[in-house]
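Excluded from the calculations below are hydrogen atoms, water molecules and symmetry mates; all remaining heavy atoms, backbone and side chain alike, are included. Note that ligands are numbered from 1 as they come in the structure, with each ligand's atoms numbered from 1 the same way. All values reported here derive from a predicted model rather than from experimental measurement.
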Amino acid sequence: MIVVASRNGRVGILAAVEVLRAGGSAVDAVEAGIRLVEDNPEEHSVGLGGLPNILGDVELDASIMRGSDRMAGAVGCLRGYRHPISVARQVMERLPHVLLVGAGAERFAAEIGADRGELLTEEARRMWAEKQALLPPEAAANLQDGADLAPWVAYLTDPVRSRGTVNFLAQDARGEICCGVSTSGWFNKYPGRLGDSPLIGAGGYADNRYGAAACTGLGEMAIRAGTARSLVLYMKMGMSVQEAGQQTMRDLDELGGNYLSDMNIIALDAQGTPAGFTNESEGKFIYMRAEMSEPQEVERTFTATRRRWAETL
Ligand code: GLY
């Protein structure tokens, strides 16, 4: 039994391992771990305290996938609910659908009695206001009144702050593997923007036969390269988890376009081997087996990928 997470999953990994120790499922473990990250106001890329879109609204994305039958649930652009991962799980368990977004996701969250809450903290509001102050005053004043937002999304975006997400992968005593992802997405994103996190195959993928993978980083890259699914498919084709992760990073390096930035992946093979990958100069992930007393922090394998940020603007 093992839980693997991005480093910001530290606040939840013990709870997730406890679930496994008590005989709970990988799905229960992933949900329990991510809920604690979603509750952490100091984590500005997930749940409460998450950084808002260009209009100052926090829009959350999340997904969960069960590896035995590849069932999955996801929500996107969810506002006003504390635990998008739990709403995503209920999409998987109660609906014939995989992904709900916006008003429909909120209606479903209300129907299932999900926890409501204000997500924009004072600290996140202050960070948003600092960025708004970079806009010409007339542009800032008009954004809320229907002015064009498109010219300002890239202008306000700091590629480092455009990323951030939490990933959890777990394997339980029965060999069930689950993958979960939750995020507030790209800071100052265009309202309605979905990243990779709610898209099965991009931000996360799980298949008991081969393993699982999940991403943090610039979601648009993982969407375009089908990153999480690619890594699992490379394992299906016979690569080790290390080889599969490095091949997946090379696929990202082959992307074109003007917005290429950070990407981090965590992975787990069917035998319970954890791995992590990054194109940043340093980056770590964590894992904890049921018999360990605390999580182990591990350096991710580095692969350089080309970077470009709005060169033609
Ligand atoms: N990886 C999270 C996002 O791009 O929204």
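- Each of the atoms 5 (O) of ligand 1 lies under 4.0 Å from some heavy atom of G195.
- Not close to ligand 1: K189, with no non-hydrogen atom less than 4.0 angstrom away.
- Its side chain within the 4.5 Å cluster rule, M237 clusters with L233, Y234, M239 among the Ile, Leu, Val, Met, Phe, Trp and Tyr residues.
- At least one N or O atom of T165, backbone or side chain, sits closer than 3.5 Å to an N or O atom of ligand 1.
- Under the salt bridge (charged side-chain N to carboxylate O under 4.0 Å, His left out) criterion, E297 pairs with R7, R10, K284, not counting sequence neighbours.
- Side chain to side chain, E38 and S182 meet the donor-acceptor criterion of an N or O pair below 3.5 Å.
- Taking only nitrogen or oxygen atoms, main chain and side chain alike, G219 reaches within less than 3.5 Å of ligand 1.
- Counting the atoms of ligand 1 from 1 in the order shown, those under 4.0 Å from a heavy atom of D196 are 1 (N), 2 (C), 3 (C), 4 (O).
- Side-chain atoms of D28 and S25 form a donor-acceptor pair, as typed in the model, at a separation below 3.5 Å.
- When only interatomic distances are considered, the shortest N/O to N/O separation between E220 and ligand 1 does not fall below 3.5 Å.
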Start with the C-alpha distance between T301 and Q246, add both sets of side-chain angles, then the distance that settles side chain to side chain donor-acceptor pair (under 3.5 Å), and finish with yes or no. CA-CA 8 Å; T301 303; Q246 287 173 66; 5.0 Å; no
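- Taking a cut-off of under 4.0 Å to the non-hydrogen atoms of G185, the atoms of ligand 1 that pass are 5 (O).
- Taking distance alone, with nitrogen or oxygen atoms compared against 3.5 Å, R193 approaches ligand 1 more closely than that limit.
- Proximity to G217 (heavy-atom distance under 4.0 Å) selects the following atoms of ligand 1: 1 (N), 2 (C), 3 (C), 4 (O).
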